[in-house]
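Since the structure comes first, as structure tokens, the remarks are kept for the end.
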2 protein chains.
Amino acid sequence: MKSEEVFGEVLRTIRKKQKMSQEKLAFQSNLDRTYISMLERGVHQPTQNSLLALAKALNMKASELVELVEEKIDESK
Amino acid sequence: MKSEEVFGEVLRTIRKKQKMSQEKLAFQSNLDRTYISMLERGVHQPTQNSLLALAKALNMKASELVELVEEKIDESK
């Protein structure tokens, strides 16, 4: 699995746990809903600024988000 | 200071601490030397894949790299 796909799964899982719609996450993070959809499908990989914005909107740190991605990448090895 | 500039400073500081040239970091991370130079000058912001590749080359986790960036952003607030 590519690292952008891992990120997409992590993002979708956290968003759903917080019962947040893509629209709401887009609004809170000031990112486009279409962009968030592409991130969740692993079509795009996030930039540092997207990571910071998404993490803030999800009430966590960007480093925590990246840590979850790294754990999932390690698991899949 | 923009978050890409913060990243650039963090990257350069860690690289120099490890006495690694931009050329060596480029080789180890499989990224272009010019791209690394642009990252360090804050011209570009890193993508998730660059973060993962740079962190690996610097013998650390990408989440640790992002944590240093977040700490520096918080300090500057």
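So that the names make sense, note that chain A is the first sequence line, chain B the second, and so on, each numbered from 1.
Residues A:Glu70 and B:Leu52 meet the side-chain proximity criterion, which asks for heavy atoms closer than 4.5 Å.
In this structure, OG1 on A:Thr47 lies 12.0 Å from CG on B:Asn49, to the nearest 0.5 angstrom. To the nearest 0.5 Å, atoms CD (A:Gln45) and OG (B:Ser50) are separated by 6.5 Å.
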Item to complete: Begin from the C-alpha positions of A:Gln48 and B:Ser3 and carry the test side chain to side chain contact (heavy atoms under 4.5 Å, CB included) through to its verdict.
Response: CA-CA 8 Å; A:Gln48 176 178 272; B:Ser3 70; 3.6 Å; yes

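Heavy atoms closer than 4.5 Å to chain B are found in both the backbone and the side chain of A:Glu67. At a 4.5 Å heavy-atom cutoff, the contact between A:Ile73 and chain B is made by side-chain atoms alone. If you measure heavy-atom distances from A:Glu64 to chain B, you find no contacts under 4.5 Å at all. Neither the backbone nor the side chain of A:Leu65 comes within contact range of chain B, judged by heavy atoms closer than 4.5 Å.
Shown here is A:Asp32, whose CG atom has more than 12 heavy atoms of other residues, nucleotides or ligands within 6.0 Å. Around atom CG of A:Asn30, no more than 12 heavy atoms belonging to other residues, nucleotides or ligands sit under 6.0 Å away.
Criterion: ILVMFWY side-chain heavy atoms under 4.5 Å apart, direct or through other members. Under it, B:Met1 and B:Val43 are not part of a common hydrophobic cluster. Transitive grouping of hydrophobic side chains (ILVMFWY, heavy atoms separated by less than 4.5 Å) keeps B:Val6 and B:Met38 in distinct clusters.
For the pair A:Val66 and B:Ala62, the tightest heavy-atom approach, listed with the atom from each and the gap, is CG1-CB, 3.7 Å.
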